[in-house]
There are 2 protein chains.
Amino acid sequence: MGESSRIAGQDSLRADARRNRRRILSAARVVFAEHGINAPMATVARRAGVGVATLYRRFPTRDALVRAAFAHQMDTCARALTEALADPDPWQGFQRLVETVCELQREERGFPAAFVAAFPDSTREHARAREQAEQDFMTLVRRAQAAGVLRADFHPSDLAVALLSHCGLVTALPDDRAASRRLVAYLLQSFRAEAAHGALPAPSALSLRSLPLAAHDSQRQRSSGA
Amino acid sequence: MGESSRIAGQDSLRADARRNRRRILSAARVVFAEHGINAPMATVARRAGVGVATLYRRFPTRDALVRAAFAHQMDTCARALTEALADPDPWQGFQRLVETVCELQREERGFPAAFVAAFPDSTREHARAREQAEQDFMTLVRRAQAAGVLRADFHPSDLAVALLSHCGLVTALPDDRAASRRLVAYLLQSFRAEAAHGALPAPSALSLRSLPLAAHDSQRQRSSGA
DNA sequence: GGTCAAATGGACGATGTCGTCCGCTTGCCA
DNA sequence: TGGCAAGCGGACGACATCGTCCATTTGACC
């Protein structure tokens with residue numbers, strides 16, 4: 001389920017082109033990790049040992065490159081949700097989900113930026129997967145609430161709140177693992193049923209659908225006009 | 001105490017220059033709020049109705065402009081700390097501090113960006129004020145812990161964790177007040193002594209000194225060489 | 001009103017990034 | 001092994017932003 005489906009490209013490419021594509025993605029991860037996802041495209045190309053034209057042919061926009069470069073991490077997120085749902089212990093499932101995504105954000109340089117960049121992602125082709133992810137997460141939440149381990153006033157949008165704020169923290173302090181772990185621990189504790197003391201303010205209207213937790217296809221190849 | 005001290009400039013300026021300076025700051029707030037703190041300097045100048053040269057003479061770097069534009073908000077942060085310390089109720093003091101700073105981050109567009117930009121601020125002239133702020137905050141923490149309202153394993157660096165993650169959230173979702181309020185409520189709840197359930201991971205090594213909670217001077221005028 | 005230093009504005013050269021165009025190379029298949 | 005479409009690279013023109021320079025204006029003070 002978490003696997004990237006392929007639309008057309010990549011397999012039908014000539015051998016050298018496929019090799020270059022991999023080189024580009026690998027270079028992109030390194031460069032984005034070091035200089036942020038706004039690093040010059042030419043830097044990525046140079047690092048990959050290809051010309052800029054090759055880079056642009058494969059990935060017409062920076063966005064497409066970013067998506068493809070961090071596709072694996074996105075898939076891991078999606079898989080984490082599936083696994084969380086499969087966990088017999090509802091709290092552990094929930095906790096694992098949050099910890100897995102946050103660990104990914106903490107350890108994979110550049111991924112946080114890609115994560116928030118992908119956030120208001122209204123791409124057509126992902127709509128179905130996202131809807132499914134939202135359903136799954138709501139199931140997870142209800143199950144944990146029914147078991148009395150997740151506080152009753154937890155709202156699905158709180159996941160987005162947690163993940164985005166954590167994203168902000170690791171972006172501001174990419175080297176401070178302790179800070180990240182600390183935040184995750186605080187948040188998870190406050191999500192537990194026992195932590196519910198006073199009333200919370202109204203939840204955000206955020207739709208979970210926009211969170212990059214959905215299994216997602218790799219970037220598509222645009223057909224170069226005939 | 002929260003007042004900006006003035007080093008030299010601003011009062012000794014000619015009337016028209018002082019007027020332009022105010023115009024520039026006002027324009028900067030608007031432009032930074034709308035386009036982020038990396039908006040072109042020329043945009044700020046145009047909006048202020050002055051030439052770029054005037055802008056650069058007053059604020060030689062973008063950083064200086066950002067600082068000056070949000071000086072008032074920074075002062076409010078500093079004042080919040082003083083007031084927190086003056087509050088007879090240790091928890092309420094602590095809570096008010098967090099809420100005040102976060103509300104500022106939530107309501108003042110552009111301020112979050114300025115806040116994180118100012119974060120690793122090792123400016124010489126602020127050293128004393130920052131050290132004082134750190135002392136004050138540690139006093140606040142100890143007092144609240146002694147009263148049994150703040151969890152014993154709360155570490156001063158957790159304030160930075162809270163503020164930076166909140167900053168990240170409002171940066172990602174500038175229009176979602178509910179999300180911001182929600183995060184603040186969760187964090188405050190998890191800082192309360194009753195919330196302490198399991199053990200937390202080790203605190204960050206972050207120094208509070210780097211947080212923009214210190215009263216700070218307005219930007220200095222550089223003497224045009226001669 | 002006259003003087004002068006302070007203040008001004010916008011033109012300008014420098015720099016950096018983008019994305020395309022086009023002539024050359026190379027893998028693939030017969 | 002030869003033909004050719006797929007693939008390639010880097011030069012190039014367009015564009016945005018920076019920060020300075022300098023001829024001109026203006027406020028302050030006598």
Side-chain angles (χ1 to χ4, degrees), chain A residues 7-28 31-32 34-69 113 117 219-226, chain B residues 7-28 31-32 34-69 113 117 219-226:
Chain A
I7 303 196
Q10 192 163 345
D11 286 344
S12 57
L13 289 180
R14 225 169 66 178
D16 53 342
R18 197 152 60 246
R19 179 164 36 85
N20 279 337
R21 185 177 188 279
R22 270 198 297 266
R23 280 188 187 173
I24 289 171
L25 286 176
S26 162
V31 171
F32 288 159
E34 197 165 347
H35 304 291
I37 58 172
N38 290 315
M41 298 292 260
T43 306
V44 175
R46 196 167 344 108
R47 170 116 206 172
V50 303
V52 276
T54 303
L55 173 52
Y56 277 108
R57 189 171 317 103
R58 237 27 96 197
F59 307 98
T61 66
R62 151 175 272 106
D63 195 65
L65 179 57
V66 170
R67 273 172 210 279
Q219 89 307 330
R220 63 174 64 264
Q221 314 289 121
R222 94 259 147 272
S223 51
S224 52
Chain B
I7 303 195
Q10 193 163 344
D11 287 344
S12 57
L13 288 180
R14 224 168 67 177
D16 54 343
R18 197 152 59 246
R19 179 164 38 84
N20 280 336
R21 184 177 190 279
R22 269 197 299 267
R23 280 187 187 174
I24 289 171
L25 286 177
S26 162
V31 172
F32 288 160
E34 197 165 347
H35 305 289
I37 58 172
N38 289 316
M41 297 291 263
T43 306
V44 175
R46 193 162 353 104
R47 169 116 206 171
V50 304
V52 278
T54 304
L55 173 52
Y56 277 107
R57 189 171 320 102
R58 234 32 93 197
F59 307 99
T61 66
R62 153 176 268 103
D63 196 66
L65 178 58
V66 170
R67 273 173 211 279
Q219 90 308 330
R220 64 172 65 262
Q221 314 289 124
R222 96 258 146 273
S223 51
S224 52

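In what follows, chains carry the letters A, B, and so on, assigned in the order in which the sequence lines appear, proteins first and then strands, with residues in each chain numbered from 1.
Of all the heavy atoms in R58(B) and R21(B), the pair that sits closest is CG-CG, 4.0 Å. Taking each heavy atom of V31(A) and A39(A) in turn, the nearest pair found is CG1-CB, 3.6 Å. When all heavy atoms of L65(A) and A28(A) are compared, the closest pair comes out as CD1-CB, 3.9 Å. Nearest approach of A68(B) to F59(B), heavy atoms of both residues: CB-CE2, 3.6 Å.
Every residue meeting the side-chain contact (heavy atoms from CB on, under 4.5 Å) condition with S26(A), not counting sequence neighbours, appears here in chain and number order: R29(A). Under the side chain to side chain donor-acceptor pair (under 3.5 Å) criterion, N38(B) pairs with no residue at all, not counting sequence neighbours. For V52(B), the side-chain contact (heavy atoms from CB on, under 4.5 Å) partners at least two apart in sequence or on another chain are A42(B), A45(B), Y56(B).
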With a 3.5 Å cut-off and sequence neighbours excluded, list the donor-acceptor pairs that the side chains of residues 13-20 of chain A form with protein atoms.
from   : atom 1 : to     : atom 2 : distance (Å)
R14(A) : NE     : D16(A) : OD1    : 3.2
R14(A) : NH2    : D16(A) : OD2    : 3.0
R18(A) : NH1    : D11(A) : O      : 3.3
R18(A) : NH1    : L13(A) : O      : 2.8

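At least one side-chain heavy atom of V44(A) sits less than 4.5 Å from a side-chain heavy atom of F32(A).
Distance check: M41(B) CE to T61(B) OG1 gives 7.0 Å after rounding to the nearest 0.5 Å.
Annotation: proximity of residues 42-55 of chain A to DNA chain C (heavy atom, distance under 4.0 Å) is found for V52(A), A53(A), numbered in ascending order.
Residue R47(A) places its CZ atom among 12 or fewer non-hydrogen atoms of other residues, nucleotides or ligands, all under 6.0 Å distant.
Among the protein residues, R18(A) comes within range of no part of the nucleic acid, since none of its heavy atoms lies under 4.0 Å from any strand.
Map A17(A) and T61(B) each onto its nearest nucleotide of DNA chain D; the residue landing nearer the 5' end is A17(A).
Atom CG of L65(B) is separated from atom C1' of dG19(D) by 14 Å (rounded to the nearest Å). Here the C1' atom of nucleotide dG19(D) and the CZ atom of R58(B) are 16 Å apart, to the nearest Å.
Contact between the side-chain N/O atoms of N20(A) and the OP1/OP2 oxygens of dG7(D) is not found at any separation under 4.0 Å.
Contact footprint of chain A on DNA chain C: nucleotides with an atom under 4.0 Å from a non-hydrogen protein atom, first to last in 5' to 3' order, dT17(C) to dC28(C).
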One character per nucleotide, please: for nucleotides 24-30 of chain D, 5' to 3', B when the base has a protein heavy atom closer than 4.0 Å, S when only the sugar-phosphate does, - otherwise. --BSS--

